[in-house]
Amino acid sequence: MNKLTPSQWKVVNRPYEPASTLKVIAGPGSGKTLTLLYKVLHLVTVENIKPEEILIFSLTNKAVDNIIENLLSVFEDSHTDRDNIKQIGCYTVHGLANKIVVENEGMINIIEEIGWRGLMKLLPPSKRTPHHFRSYKELEKVVKDYKLNGGRKNNPVIAKLVKLMDNCKVMTNDDLIIRAKKYLELDHSQSDTSSSFTQDLQKKYKVVLIDEFQDLYPSLAPLITIICKGKQLIMFGDTNQSIYEFLGNNSHIMSQLDNLHPKHSTTVLKLFDNFRSTPEIISLASNIINRPLIEKQVIDDTDVTPSELVRKLPSGVLPQLASFDNLAAESEFIVDKITQLICSSVRFSDIAILSRTNSHLTTLANVLRKYGIPYQKLKSQPDWMDDLRIQFLLDIMKVCSLASDEKHSREFNTGAKWQSDFSILVTMSAIKGVGDASIQALYKACGLKNLSIWKYLTMVPNFEWPLGLSIKKKIENYTSNLYEMIENDQVHQLDDPMELLEKVSNIASSLNLNPIYLQSIGDSQSLSEFKTHLQEMAQVMKVSKSNKPPGISFVKWFLETYFDQTMVFHQANQALQTTGPGTIKLSTIHSAKGLEFPIVFLTNGNTSNFPMDTNALYVGMTRARNLLYICNMKHQKIVSKPSSYSKHIMSNDFFWTYYNKDLNRSTFGAKMAYGYNLQRYNHLRKNFGFYRAYSSMNCCKRILKRI
DNA sequence: AGAGTGATAATTTTT
DNA sequence: TTATCACTCT
């Protein structure tokens, strides 16, 4: 095993010691993940730590997936049982918190956009009060503030909302963390359940590894400290790559973690070498974060870097900075460059386009599709999950399922604990003409009678409803549409996913919803988008149906598990797409953290004028191995000129030899092919109609098939 | 009424 | 960094 450098070995060989901290500072391309994996291997094979005593966590799904994916291969040569290795706990912080909370409370709901929109309707109508919000995001922020400061602000309106959320088990992601911490603090020693997840966290684990510590933020601190206290804490990260500052200050939680264990058992190590990027790219990136190139003097004499592990040699090609007046020009530049690259033996899968926003990526994706260039969006969630219309359908299912359950518990009226209320409020306020005033009046009336909204609507005669005539009609329509599903338990009897979906869609379509939930009307592109999303959800429903255990109704099973199942399904789908001719990867800079690509296009879009965050820019740049293009970057350190047309890169023999060697590809046949490549490129360029704005898409598709 | 001031959001993730 | 809102002052 001479895969590691001395500085990496130093980390791996650091002995196990309870109640200690090992902090590893690992810059981009320094082999952080590899070191982490070998550290785990070392713990199991040398230090005799059992796999089930190791807990690894990180903030993003991608980082966690990355580790899980590679764990097995690292253990391949050791004589450890595969099933045994799977005992290693590997979670996102929120995934872990979710697991704890669900184990202790049963099914919960994470609030989404549609939920906040519903809650907005419960606010007083006056526009001049502090309760008036421009968007649901402001409300989200205020509620967060309220929860953070406890009741200190004493805002009765927000307090009411929070109470409603509590009763309906509706949580924000921050709530997950707080609640998880609460359950970990409880003493479970008297409890008879012998091995719950909560207890495992309290007792079983000996070593906790944190990947990407720079992503942690203060509100996670209480949970993380309680998990790590007394264990060996090993954390990897790089403050320069801290791009989640908008969630809270990273240094605050880091100082807490640094002081978790006594000074004498806290060690800081550093991984030096950058094996990823060319000196040209590193130089520019280091300049961005005001840091000279990796200095020789920081390497002490016990850590001499052997000559075969020095950084990469110069590639002879500088990162290209370009600016454009409009989005079309930028797109054209990117497509033109891609064409040049593809004609120079680059594969589609070598290229990544990184941007700061998802919306800009969507724009770029449409451009690529126009030119028939294969692409793939790297997203942890499929698109349909943040489609409001889909969220609405899911909420209708929730209403049916929850209200139907509560119907049976009618006798045991245990106070205001009606989980269905939240989903009812959300769905009802999506109806056209049902405004804040009616929702509030109705909700108040229910509170007076101490009934759930559904019970109120079905039991109290409608002349008592505190509503205007036209609203009454609308609400009656709502009730009667849902009546069969709930009162006759139809929702639980529908065993066939497609029947359920059809039924729910029928309800939605007869409700006369607000335009925002029905964007599909009159817009064919949006309609086909909705169709695709619906089909994707239907697929997950079918999968869910196939693994449903007996003794539970399909809706219930689906609602409880659809999130996890979707993630698994989505991941499998993405993996599937990587085979074949390859695809260009589209990703936000945030999602691309931890990944690397031979060629990177970094773009800021042209619409927004506010500058790029320095660390985000740094992360984006350091994703590139060999070639970096930066478009329309707004940053003090970047001076970009309007780009002039050049096909220089195609004839750069030295670079292409370098490139193929870097990727372990044969250069046979690539040399002397410049003439042929150029001919191919010119042909494509003509057909694409570059420098004449957009061309017709049909001819492009035809041409690209020949590549 | 219309000009001027000051505060703040826009974007990124987590089930 | 810019756009927009709420509010104040003349």
Side-chain angles (χ1 to χ4, degrees), chain A residues 57-65 91-103 105 107-113 115 126-130 132-142 144-145 169-180 212 214-217 219-220 223-224 241-248 250 354-362 378-382 385-386 391 394 559-568 570 587-594 603-620 632-636 638:
Chain A
F57 66 95
S58 182
L59 191 81
T60 60
N61 285 308
K62 200 147 284 160
V64 169
D65 294 342
Y91 308 93
T92 61
V93 183
H94 289 88
L96 182 127
N98 185 58
K99 228 177 143 171
I100 297 172
V101 174
V102 168
E103 185 177 87
E105 304 198 23
M107 192 175 88
I108 53 156
N109 268 311
I110 304 291
I111 188 163
E112 312 253 6
E113 175 177 345
S126 154
K127 290 200 171 196
R128 305 252 158 186
T129 62
H132 176 248
F133 302 101
R134 256 176 304 221
S135 76
Y136 74 95
K137 283 188 178 160
E138 284 184 40
L139 173 64
E140 199 177 334
K141 225 176 129 184
V142 170
K144 194 180 163 185
D145 261 16
K169 288 194 184 177
V170 174
M171 295 182 196
T172 64
N173 285 298
D174 287 336
D175 291 336
L176 275 181
I177 304 292
I178 295 164
R179 298 225 178 183
E212 317 269 22
Q214 76 280 0
D215 294 343
L216 302 175
Y217 45 95
S219 60
L220 303 175
L223 178 66
I224 290 179
Q241 294 186 64
S242 164
I243 50 175
Y244 289 92
E245 289 287 298
F246 64 93
L247 295 172
N250 175 246
L354 308 182
S355 172
R356 193 161 37 124
T357 66
N358 280 309
S359 70
H360 187 215
L361 286 179
T362 312
L378 297 184
K379 270 185 97 188
S380 57
Q381 276 189 15
M385 286 200 102
D386 34 48
Q391 283 183 28
L394 284 169
L559 287 175
E560 268 175 38
T561 59
Y562 80 90
F563 193 91
D564 294 332
Q565 301 220 26
T566 303
M567 297 297 270
V568 174
H570 180 64
S587 168
T588 59
I589 293 172
H590 285 77
S591 301
K593 198 165 57 60
T603 144
N604 198 19
N606 206 16
T607 41
S608 83
N609 267 321
F610 73 112
M612 179 72 123
D613 174 65
T614 300
N615 284 350
L617 177 58
Y618 178 72
V619 170
N632 281 333
M633 196 53 60
K634 290 252 168 33
H635 190 273
Q636 352 159 359
I638 298 255

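Residue numbering restarts at 1 for every chain, and letters A, B, ... go by the order of the sequence lines. Note that the structure is predicted; figures quoted are calculated from it, not measured.
In this structure, CG in A/Leu220 is found 8.5 Å from CG in A/Leu247, a value given to the nearest 0.5 Å. Going from atom CG of A/Leu361 over to atom OG of A/Ser355 covers 5.0 Å, rounded to the nearest 0.5 Å.
Distance CD1 (A/Ile589) to P (B/dT12): 11 Å, rounded to an integer number of Å. Protein atom CG of A/Leu96 is 12 Å distant from nucleotide atom C1' of B/dT15, rounded to whole Å. To the nearest angstrom, P of B/dT15 lies 20 Å from NZ of A/Lys169. Distance A/Ile111 CD1 to B/dT13 P: 19 Å, rounded to the nearest Å. For A/Tyr91 and B/dT13, the OH to C1' distance is 21 Å, given to the nearest whole Å. Going from atom CD of A/Gln214 over to atom P of B/dT12 covers 19 Å, rounded to whole Å. As rounded to whole Å, 12 Å separates atom P of B/dT12 from atom CG of A/Asn604. Between the CD atom of A/Glu140 and the C1' atom of B/dT13 there is a distance of 12 Å, rounded to whole Å.
Put simply, the side chain of A/Lys144 never gets that close to the backbone of A/Asp174: no donor and acceptor are under 3.5 Å apart.
Remark: ring of A/Tyr244 does not overlap the six-membered base ring of B/dT12 in a stacked fashion, as centroids less than 5.5 Å apart with planes less than 30° apart are not both met.
Under the side chain to side chain donor-acceptor pair (under 3.5 Å) criterion, A/Thr172 pairs with A/Asp175, not counting sequence neighbours.
Projected onto DNA chain B by closest heavy-atom contact, A/Ile243 and A/Asn61 fall at different nucleotides, the more 5' of which corresponds to A/Ile243. Both A/Thr357 and A/Leu59 sit near DNA chain B, but only A/Thr357 has its closest nucleotide nearer the 5' end.
When distances are taken from the side chain of A/Lys141 to each of B/dT11, B/dT14, B/dA9, the shortest belongs to B/dA9.
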Are A/Asp386 and A/Lys379 close enough, and set up right, to give a side chain to side chain contact (heavy atoms under 4.5 Å, CB included), and what steps lead you there?
CA-CA 12 Å; A/Asp386 34 48; A/Lys379 270 185 97 188; 3.9 Å; yes
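Residue contacts shown for A/Lys593 are absent, as no nucleic acid heavy atom lies under 4.0 Å away. Within 4.0 Å of A/Gln565, counting heavy atoms only, lies no atom of the nucleic acid at all. Nucleic acid contact class of A/Asp215 (heavy atoms, under 4.0 Å, all strands): none.
The gap from the P atom of B/dT11 to that of C/dC5 amounts to 15 Å, rounded to the nearest Å.
An OP1 or OP2 oxygen of B/dT14 is reached within less than 4.0 angstrom by no side-chain nitrogen or oxygen of A/Thr60. Residue A/Thr92 has a polar side-chain atom (N or O) positioned under 4.0 Å from OP1 or OP2 of B/dT15. Between A/Ser591 and the phosphate of B/dT12, there is no side-chain N or O to OP1/OP2 separation shorter than 4.0 Å.
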